[in-house]
There are 2 protein chains.
Amino acid sequence: MSSAKQNHAILSERLKSCDVRPTPQREVVLKVILGKRDHPTADEIFARVKSSMPTISLATVYNCLDTLVQCGLIRQVNLERAPTRYCPNLDQHAHFHDEATGEIHDVHLPEDLMIRLKEVLPAGFDARSIDLTFRGKAAPTLTHGTN
Amino acid sequence: MSSAKQNHAILSERLKSCDVRPTPQREVVLKVILGKRDHPTADEIFARVKSSMPTISLATVYNCLDTLVQCGLIRQVNLERAPTRYCPNLDQHAHFHDEATGEIHDVHLPEDLMIRLKEVLPAGFDARSIDLTFRGKAAPTLTHGTN
DNA sequence: CTATATGCAAATAGTTTGCCTGTTA
DNA sequence: TAACAGGCAAACTATTTGCATATAG
């Protein structure tokens, strides 16, 4: 029931609903990001995309990523002096950056905390997005979240 | 009462308390960051430092910044595909990144929220630092926080 | 005196830009 | 067919590295 054609239709719809042209490049970039619950860099996405679309260019990958982030179809993760990473998870969540392994884990944020976070802003500040990142060590044996 | 000599002694002490050698370069880098409540980039810090120490190199500024961040004497702010910024404010606080102006404002975080934030982590995750950044628009007439 | 930090210049890596061609609505 | 998106290569910018010299404890 989830043929390539349907998949294409779904991706195409998602893009149209954001008022952006559903180009094959945008669809495939979105597809590879949604296809894995990790936090790839633009280069990693480029590599994955090339296997199904060998002609795509890195500049186009960057363009698509920018568009998809703008649309809110994917999220961007900013780390310390490291390449930007991209995140398929659209749920309200934070990131835990493991300093030892470099891995990123998603951490679920309860709704009441989100509300509390927004309350912290003084009047006149209107937050369009909230970025919460923890940095530290994760117990090596546990396998919470995604990297 | 706050002569240059005392200032030097204070900065020197701060560095020693972190087990790093209090070199003149580290002191002056720390001094210029503490001297203004904004969020300069490495380049901006380099420019400010050069006025009192024209011989310093950019590479040394980066080294000093890394050291100072490691020590916890300053903080680092990671933005989306933009140069890293540095922050003199050591209080528990978040950042509000104004998308229109690019300015960064400090936002105070109440203690109970910090506690709540740490509670959100699953067992086995030990956070050494928490980074909270809001992105959006600030009312132009208001002048909360620092940029 | 020895470990460590600095300065300089060159290298690297991530990202952006310009320009021309191709594609979408 | 008009506006917009893609491909390519070159440019740019932030940051890092290697190595010789200087400095702190």
Side-chain angles (χ1 to χ4, degrees), chain A residues 8-9 11-32 39-50 52-71 73-74 76-86 102, chain B residues 8-9 11-32 39-50 52-71 73-74 76-86 102:
Chain A
H8 159 75
L11 294 167
S12 174
E13 273 319 307
R14 288 214 200 183
L15 290 166
K16 276 189 214 159
S17 71
C18 301
D19 282 313
V20 301
R21 291 190 183 168
T23 69
Q25 288 84 351
R26 285 173 179 166
E27 283 176 25
V28 70
V29 167
L30 180 54
K31 188 171 163 181
V32 304
H39 300 84
T41 62
D43 263 339
E44 285 162 357
I45 293 162
F46 182 45
R48 291 181 199 173
V49 163
K50 271 205 287 199
S52 53
M53 182 185 277
T55 56
I56 200 171
S57 74
L58 180 55
T60 296
V61 170
Y62 272 104
N63 282 334
C64 293
L65 290 172
D66 285 347
T67 304
L68 297 174
V69 169
Q70 289 261 352
C71 294
L73 292 176
I74 60 174
Q76 205 171 15
V77 191
N78 310 308
L79 302 173
E80 338 203 315
R81 280 139 157 226
T84 302
R85 292 173 173 275
Y86 299 86
Chain B
H8 159 76
L11 293 167
S12 174
E13 274 319 306
R14 288 215 200 182
L15 291 166
K16 276 188 213 160
S17 70
C18 302
D19 281 313
V20 300
R21 288 190 185 169
T23 69
Q25 288 84 350
R26 286 171 178 166
E27 283 174 25
V28 70
V29 167
L30 180 55
K31 188 170 161 182
V32 303
H39 300 84
T41 62
D43 262 340
E44 285 163 356
I45 292 162
F46 182 45
R48 292 182 200 172
V49 163
K50 271 205 287 200
S52 55
M53 183 185 277
T55 57
I56 200 170
S57 73
L58 180 56
T60 296
V61 170
Y62 273 103
N63 282 335
C64 293
L65 290 171
D66 285 347
T67 305
L68 296 174
V69 169
Q70 288 261 353
C71 293
L73 293 175
I74 61 174
Q76 207 171 12
V77 190
N78 309 309
L79 302 174
E80 338 204 313
R81 282 143 156 219
T84 302
R85 292 174 173 274
Y86 299 86

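Residue numbers start from 1 in every chain, and the chains themselves are labelled A, B, ... in the order their sequence lines are given, proteins ahead of strands. On a predicted model such as this, the values are computed, not experimentally measured, just so you know.
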| request: Could you tell me the separation between the CZ atom of A:Phe46 and the P atom of C:dA13, rounded to a whole number of Å? | output: 16 Å
| Can you tell me how far P of D:dG7 sits from CZ of A:Arg26, to the nearest Å? | 12 Å
| query | Hey, does B:Val32 have a side-chain heavy atom less than 4.5 Å from the side chain of B:Ile45? | reply | yes
| query | Hey, does the side chain of A:Tyr62 come within less than 4.0 Å of C:dT16's phosphate (OP1/OP2), counting only N and O? | reply | no
| field | Upstream residue (5' side of DNA chain C) when A:Thr23 and B:Ala59 are each assigned their closest nucleotide | value | B:Ala59
| field | Closest nucleotide among C:dT15, D:dA24, D:dT15 to the A:Arg81 side chain | value | D:dT15
| query | Does B:Gln25 make a side-chain N or O approach to OP1 or OP2 of C:dG7 shorter than 4.0 Å? | reply | yes
| So, for B:Cys18 and B:Arg14, which heavy atoms are closest and what is the spacing to 0.1 Å? | SG-O, 3.3 Å
| query | To the nearest 0.5 Å, what is the distance between CG (B:Asn63) and OG1 (B:Thr23)? | reply | 10.0 Å
| task | Would you mind classifying the nucleic acid contact of A:Thr67 as base, sugar-phosphate or nothing, using non-hydrogen atoms under 4.0 angstrom? | result | nothing
| query | Atom CG of A:Leu65 to atom C1' of D:dG6: distance rounded to whole Å? | reply | 14 Å
| query | A:Glu27 and A:Leu11: which non-hydrogen atoms are nearest, and at how many Å? | reply | O-CD1, 3.7 Å
| field | Nucleotide nearest B:Cys64 when distance is taken to its side chain, options C:dT6, D:dT15, C:dG7 | value | C:dT6
| task | Mind checking B:Thr55 for me? I need base, sugar-phosphate or nothing, with any heavy atom below 4.0 Å counting as a touch. | result | sugar-phosphate
| note | Against the side chain of B:Pro24, the closest entry in C:dT24, D:dG6, D:dA24 is D:dA24
| request: Verify the contact: side-chain N or O of A:Ser57 to OP1 or OP2 of D:dG6, cut-off strictly under 4.0 Å; return yes or no. | output: no
| said: Is A:Thr60 close enough to D:dA5 that one of its side-chain N or O atoms is under 4.0 Å from OP1 or OP2 there? | reply: no
| field | Rounded distance in Å - CE (A:Met53) to P (D:dA5) | value | 15 Å
| request: Report yes if the side chains of B:Thr67 and B:Leu15 come closer than 4.5 Å at any heavy-atom pair, otherwise no. | output: no
| task | Starting from C1' on D:dA5, measure out to CD on A:Glu27 and report it in whole angstrom. | result | 13 Å
| query | Of all the choices, C:dA5, D:dT16, C:dT23, which nucleotide is nearest to the side chain of B:Arg21 once you look at every atom? | reply | C:dA5
| N/O donor-acceptor pair under 3.5 Å between A:Arg81 side chain and B:Thr84 backbone | no
| query | Once you round it to whole Å, what is the distance between P of D:dT15 and CG of B:Leu79? | reply | 11 Å
| query | The side chain of A:Leu58 lies closest to which of these nucleotides: C:dA3, C:dT15, D:dA3? | reply | C:dT15
| Between D:dG6 atom C1' and A:Ile56 atom CD1, what is the distance in whole Å? | 8 Å
| So which nucleotide from D:dA5, C:dT6, D:dT16 ends up closest to the side chain of B:Asp66? | D:dT16
| task | Please state how far atom CG in A:Leu15 lies from atom C1' in D:dC4, giving the value in whole angstrom units. | result | 15 Å
